[in-house]
Every structure is written in structure tokens, then in C-alpha cells.
Amino acid sequence: MWRTIASEFARSKSAVAGLALIVVIFAVSAFAVFSLPGSTASQWANPGTWTSYPKAAPPTWVNALGVDAPQTVGLTLNNWTSSSFDAPKTYVYAASTTLDWGHTVTPSGFLFIPQFVGSAYEVSLTWTKPDGQEVQMVVASPTSGTNYDLTSLQIKQYILQFVQSQTGSFLSSVTPQQELSGLFRTDGSQILASPVLKGSYKLDVQVTSSAPLTPSPRATLTLVGDSYGTMGTDNFGRPIELGMLAGLPSALELGMLTSVVSVVVGVLFGGFSGFLGGRKDAVMQWLFLVVLAVPALPFLIALSYSVPLNLLTEATFIAALSWPFYAIIARSASLSIRSQAYVEADLAMGVSSLRTFSSHFIPRLTPFAVAYTALGVPGGIILGQILSFLGVQPPNIITWGQLLNDASTYQAELYGWWWWVLFPGVMIVVASIPFVLVGFSIDRIVSPKVSAK
Amino acid sequence: MRPDLVWAQMGYARFVAAKSVSYFLALLATVSILYVGTYPSIQKIIQASATSAAGEFERQLISSHRGLDAAQITAAVDAFKLSYLSSFGFDQPLPIKFVLQMYNLFQFHLGTAFFIQAPNGSKQVLDLIAAALPNTILLFTTATLLIIFSGVVLGLLAARRVGGKLDRLIPSIAIVHASLPTFWVGFILIAYFAYTLNVLPTGGITSVPPPTGLLPRFTDLLAHLALPLLSILIVSIGGFAYVIRSLVVSTMGEDFVLTAKARGIPERRILFRHVLRTVSPSIVTQSILLVTGSIGGGLTTEVVFRWPGLGLLTAGAIGENDLPVIIGSTFVLTLVLFLGLYLGELAYGFLDPRVRTGSD
């Protein structure tokens, strides 16, 4: 029987495709488990990790669709020269870097990080625009390793002065967007709305100190772009692609565990119920009803307040509520097996019922169980993601449902941040479809064989 | 009346009586499962409700009996709280406590919400649920009826031409549908129909402010119902049609269908009268599985569309850790589900001639 099932399975295109896809998603999942550090989930939850990432940025490939969405540019200043002056004794370290900007939009952020050992008086930055205009910024008593960005008061006040000198009117404050206009747009009174200057920008950095700095200082400038990776970022700057990858192992684990446990329990109970028949069957069916009538979703939510959730308890709870579905199906299959002559012969000869069940029923129910295990995985995955979407999930894991919850909270669909909504849902479908394909195929092969006279 | 018809009715009456007893016992068992699973939460809720009821009592005492001193008020309030707790069996051994608390649950003493308020300002969980439940039933029942109707029609049409276009299409639709999360489909529909095309509302159950007049109100409700309904339908129709198609195909091979064909009865008539009548009890069973299986998806759809039903209420309660609301809506939802299953079972018995005639 298994051999014929296997050969029919191999002839079904959708079954083979499904199996191949399962192999692929398991490989990707294994890659995620081994390549992502254990701290990924806690980093994910900490917004500080993502300061140098563009916020709510589309994938980079939108550039191919005619959208001008620059990528993040990271520049390292490494051509340091040193000089020293007397009275008072000062040491000056200088470096510069250039950047070619060909976009019609400004970057979405400007992030400068100096690094040095010891203490420095100041770091002075000179930003030279392609038209020769210079913006001077001086950070007094800088701290090594600090992010100086457009919200840092020291940077902000100099850009404010520059913008005022260009527009010729008083500004009480500037937004980061206006600061970027000051740094990148064509100079003149319309600097806040004029076109972005294309060409070569230059940043000169001078670190001044009272003592020699060894090793010589280092610095990086990050011009945060407006697109990121293959799947974009959410509005904390977290890469969606990282969330998709990190969510895969837990989704698969939950789906598989749930499905295997509930199918094994359900098929054994249901199969046995149909085999026994009569009054015992009625009692067991009553039991299916009792569990079937528990509304799974709200009950799991209520349960999460009594029992701390981890993947194992979550899977156990879901399985404990979903086995009656399989029991009902297995029972009807079992009823049709029971009506066959060889079973009646066994019973008439007085073969023990346990032996009859294991010799005639188990082998015929097993292909069913395999089909429904595959078909049950998506159900487990989706219910898990629904719970995450509602905010009920084990701590310290990243889930697609959680990403969708965030997307809903920050109204991604209103702002048109489609990548934030699209990819998590697509991942749920991608992780589910292979199992459905395989399960459907096995079911189509097996069903006629069991119910055939 | 003919004797065989009397027997037939006796058979159905007996069936209904037996099922009523069995469903009532099952209800007790199911609610016991809920109770055991949420025991710590239930104790917490009762204590919090006792405290809030005692606070209410204290305010009444102070305003209506100005002569009492502080010690007397405290004593009265303590006594009140104690009697409140003892009505829930707090001073009793576990079995009696269980019976008392179950009794209170079935009396709909669901306690007071921690934070959430009903539109009329009440914080009683029962009032909150009473405001939300009709909306859930409206959405979910409409969706279920539409799925059953269109699923049966599609399944029959597909089974009529096995291997035909529709027959090959339905399994692929079912495969895609089995892997779609309802709430995500809702998101996509909102993004497209509400924000991009601007033709349907983004969520809620009425416009703000609601239109005046009966007909505008009705069309307004329909407009708000359209997208949540569509997202439930998209996810469930394919799978249901596929199941019906399989049922019908397996019945088409039965002897009585072959006989009917041989007698020259038109195919349409065989399909819609003989076959449909035969598979209708199984359709009821499948519908029951459909309802219990899709209720979770239906509840999350409410969240995405801000549809003010039990799902949205529960989601809000999760955000605020409002336990009484979560447990109360779980309980009420169980009751509603039971009612649905019970009605389904009665329909099954009515449609199944073996049950109706009392033969087994």
C-alpha cells in the first residue's frame, strides 16, 4: 500500500513541488537558527539598536521601479593627519571624506560618530556642498562613541544658523527634515524647498585635544537612506527581512508540534471510537463535542494568564483544542473500514479487539494521519500568528503576527507602508502552502483507497 | 394520522430529547474545562469584583447614613465584602467552591471590568458583552450562511463535471485559502478598497456621525459589512466548496444515482434533489466544523476592521490586561457556539432519514 502511495505521490506535480518547498523552508529555517545570534529578539525589542537604519523605508528594489529612494551610505574617515601647536599646547587631528550624491531627494538622516581614546576639546565638522558653501559644526567636549545626529543640540544649532543665513528670516527651531534641506538643497532664500544639489560633497573633521591621542581618532559618517534591503524597514528602522527570517523557526516549530500532537491524538481517539461503535462510540463522540465546543482563540488567550507561555506550552494548548477535528474525520474513515469483510471475519473468529485495531485499522489510518499532519501545519502556524497579532505569544521570540500587530498599531496601511504589511502575510502563506500541497496530494491518493469497497 | 408518520415524529422527538440532555452535559463539561484552565484568573476577578462592589457599597453608606462613624462603616463594608466572597464560596472547600462559582457563572455574574467601559458607561462585563455580541453574531452568521450557500453551489457545480474547469480550479483555490490568515486578507482589502480606491469605509460599523433615515442607515451598515465579510469569505469558501465537492462526487457513484440516471431522470434533478438530499446531513456536519474552525479568524477580522464585536472587545482587553472581560467573553462565546452546534445537530437529525424515522 505504501509503495503505491509513494509512486502516485511521485507522479503528482503539486506533491513533489510541495515536498521540495518544504525542504527549502526547512533549510532556510536551519540557516536562521544557526546564523542569528541568541540576542536577536532582545535587540529587536530595543529601538536603540536601529538608530542608523532608515525608518519605514521601502525595499531598495523600488529604485528599479522609478522611485528615487537612496540607500544608506556609511563613510569611514581613515586618512588622519596630525599636527601640533604651542601656547597652549594643542594637538589637531584632521581627516576628510567625499561623497557623490546623485539623488533628487535628501537622505533621511545624518549620523556622525567620533571615536578616540582619551579626551578631546572639540570636534569640528565642515560640510562643503558642491556649490562651495560650507556649513560649520562644532561639537564641544565630545564623547567617544556617541551618535551625533540631527537631534543633537550641538549639531542642530549650527545648521539652524546656516539655514537662517540662507533664508534671511528667523527660525525658532528646525526639524531634522529642514536640517537635511540645509545640508543638501540648493542654497538661497528657498533652501528649504529648492532642488537637491547633485555632485560631490565633502566632510572635513578636526579633532582638537590637549594631549596626543594614540591611536589616532576614528570617525564614521552615516547618511541614512530611504530604502533598505529586500523588504524595507518598519518605523523603528528594524529590517523586515530580519523579522521574516527570525520568525520562521518558531512558526514552523509551533505548526509542526501542534499538528503532530493533535493528529496522533485525534486519529487514535477517532479511529478507536469508530472501531468500537455503539454506546462506547457515542460516549467518545460526546467527548469530541466537549472539546470542539471550546472556542480556541479566546480560551487560549484566557489560558495565557494562568500558564506562562513558551512554544511548547502554546503548542500543547493548541493541540489540546484541535484534535477533535481529526478525531471526527478519522472516525468516519474507521467506520468504513469496519464495514469490510476482513474485519468482520476477525471479530467473528474472536481475535482480540486491540489486535484487530492494530492490524487492520492502524495501517489504513496511518496514511490519513500523514495527510492530515501535513494539512494541520498551516492551521497551527496561522493560529499562532493570530495569537501573536493579538499580543499573546511567548516572550523573547519574533513573530510575523507581532510585526503585523505593529503595522496595525502604527497604521501602516494608512501611510502606504505596504512592505510592512505585505511581507509578514506573504511569509505566513509561503510557510503554509508547501504543507497544504503535500497534504492535499496525499489525501487525494489515500481517500479513495480507504473508502473503496 | 398514518401510524408510520407518528412513529417518525416520535423518533425525532426522542432524538431531540436525547441530544438536549447530551448537549447540556457537554456544556457543563466544556465550561468546567474553561473553569479549570482559568482558575487563578477567576479567583483574581472575583476578589477584584468584591473590592469594587464593596467600594460602591461604602460610597452608598457614606452618602445615605451620615450618622455612622468611620469604624462602623469599615465594619459594615468588611462584612459586605465577606458575604460577597462567601457567595462565591471563598470560605468553602474546593468542590463546593467549584459548584458555587459555576452556578454564579451560569447566572452571568461575570464581574466588573478593570478598565473598559460599555458605551452606556457601565463597567459590568455583562453589559460590555451585551453591547458587542449582536455585532459579532451579525458578522459571523452572515458570513457563515454565505459560505455554506456558495460553497454548496460551487461544490455541486464542480462535482457535476468531474475533471472540468471548475473542478480543477476549486482545489487550487482551496490550497491557497487554507494558507491565508483572515486578518491579513483584511489588511490588504482595507489598503486596496478603502485607502487606494476610496470606495468603502476603512472600518467600524457605522459612519461617524451615522446617517439619518432607515434606508441610508442600512446601506451604511452594508458598506461597513462588505470588507470584513469579504475577508472571511475569501479564506473559507474554497475549502468548504472542496469538501462539498468530495462528498457529492462520492455519492454520485452510489447505486441509487445510477438507477436514477438509468430511469432517465434529468441530471440537474438528480443532483439537486436526490444527491443533495443524501449529502445534506454531512453538509450540516461540515458546517459545524466550519463554524468552530473559523470563529478565531472571524474574531481577528473584527480587530482589523474595528468592528465593535467580541473579538475587538477581547483584543482591547488583552492590551489592558482586563481579565474579567477576557474570561467573560470566552464564556459567552462558548455558550453561543454551543447553541450553534446544538441547532446544527437538530438540523442534522431532521435531515437524516435514519434519525427521523427512529431507526438506527
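Note that the structure is a prediction, hence the values are computed from the model and not measured. Protein chains get the first letters and strands the later ones, always in sequence-line order, with residue 1 at the start of each.
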Quick one: of B:I327, B:N321, B:I288, B:T182, who has the most non-hydrogen atom pairs under 4.5 Å with chain A?
-> B:N321
Counting heavy-atom pairs under 4.5 Å to chain A, which of B:P181, B:S172, B:A191 comes out on top?
-> B:P181
Measure up the A:Y372 and A:F368 rings against each other and bin them: parallel (under 30°), tilted (30 to 60°), perpendicular (over 60°).
-> parallel
Have B:Q43 and B:Q101 got a donor and an acceptor in their side chains that come within less than 3.5 Å?
-> yes
Turns out that what part of B:L337 lies under 4.5 Å from chain A's heavy atoms comes down to side chain
May I ask you to list the residues in residues 338-347 of chain B that approach chain A closer than 4.5 angstrom, counting heavy atoms only, ordered by number?
-> B:F338, B:L341
Name the region of B:L299, side chain, backbone, both or neither, that has any atom closer than 4.5 Å to a heavy atom of chain A.
-> side chain
Without hydrogens or angle criteria, can the side chains of A:Q393 and A:T399 be said to hold a donor-acceptor pair below 3.5 Å?
-> yes
Heavy-atom proximity to chain A below 4.5 Å, by part of B:L323 = side chain
Please output the side-chain donor-acceptor pairs of residues 281-299 of chain A that fall under 3.5 Å, not counting sequence neighbours, one pair per line with the distance.
unit_1, atom_1, unit_2, atom_2, d
A:D281, OD1, A:S273, OG, 2.4
A:D281, OD1, A:R331, NE, 2.9
A:D281, OD2, A:R331, NE, 3.2
A:D281, OD2, A:R331, NH2, 2.9
A:Q285, OE1, A:R331, NH2, 3.3
A:W286, NE1, B:S22, O, 2.9

Within a radius of less than 6.0 Å around CZ of B:F24, do more than 12 heavy atoms belonging to other residues, nucleotides or ligands occur?
-> no
Which one of B:I326, B:I318, B:T38 has the most heavy-atom pairs closer than 4.5 Å to chain A?
-> B:I318
Side chain, backbone, both or neither: which part of B:Y192 has a heavy atom under 4.5 Å from chain A?
-> neither
Compile the donor-acceptor pairs under 3.5 Å between side chains in residues 412-441 of chain A and protein atoms, sequence neighbours left out, one pair per line.
unit_1, atom_1, unit_2, atom_2, d
A:W419, NE1, A:A57, O, 3.0
A:W419, NE1, A:T233, O, 2.9
A:W420, NE1, A:L403, O, 3.4
A:S432, OG, A:I428, O, 2.7
A:S441, OG, A:S14, OG, 3.4
A:S441, OG, A:L437, O, 2.7

Distance (rounded to the nearest 0.5 Å) between B:I244 CD1 and B:S287 OG = 6.5 Å
Contact list for residues 398-408 of chain A, test salt bridge (Lys or Arg N to Asp or Glu O under 4.0 Å), sequence neighbours left out | A:R238-A:D406
Under 4.5 Å to a heavy atom of chain A? For B:L333 that would be both
Residue among B:L289, B:V304, B:T314 with most heavy-atom pairs under 4.5 Å to chain A = B:L289
Sort out for me which residue in B:D322, B:L133, B:V325 forms a side chain to side chain contact (heavy atoms under 4.5 Å, CB included) with B:L128.
-> B:V325
Within a radius of less than 6.0 Å around CG of B:N198, do more than 12 heavy atoms belonging to other residues, nucleotides or ligands occur?
-> yes
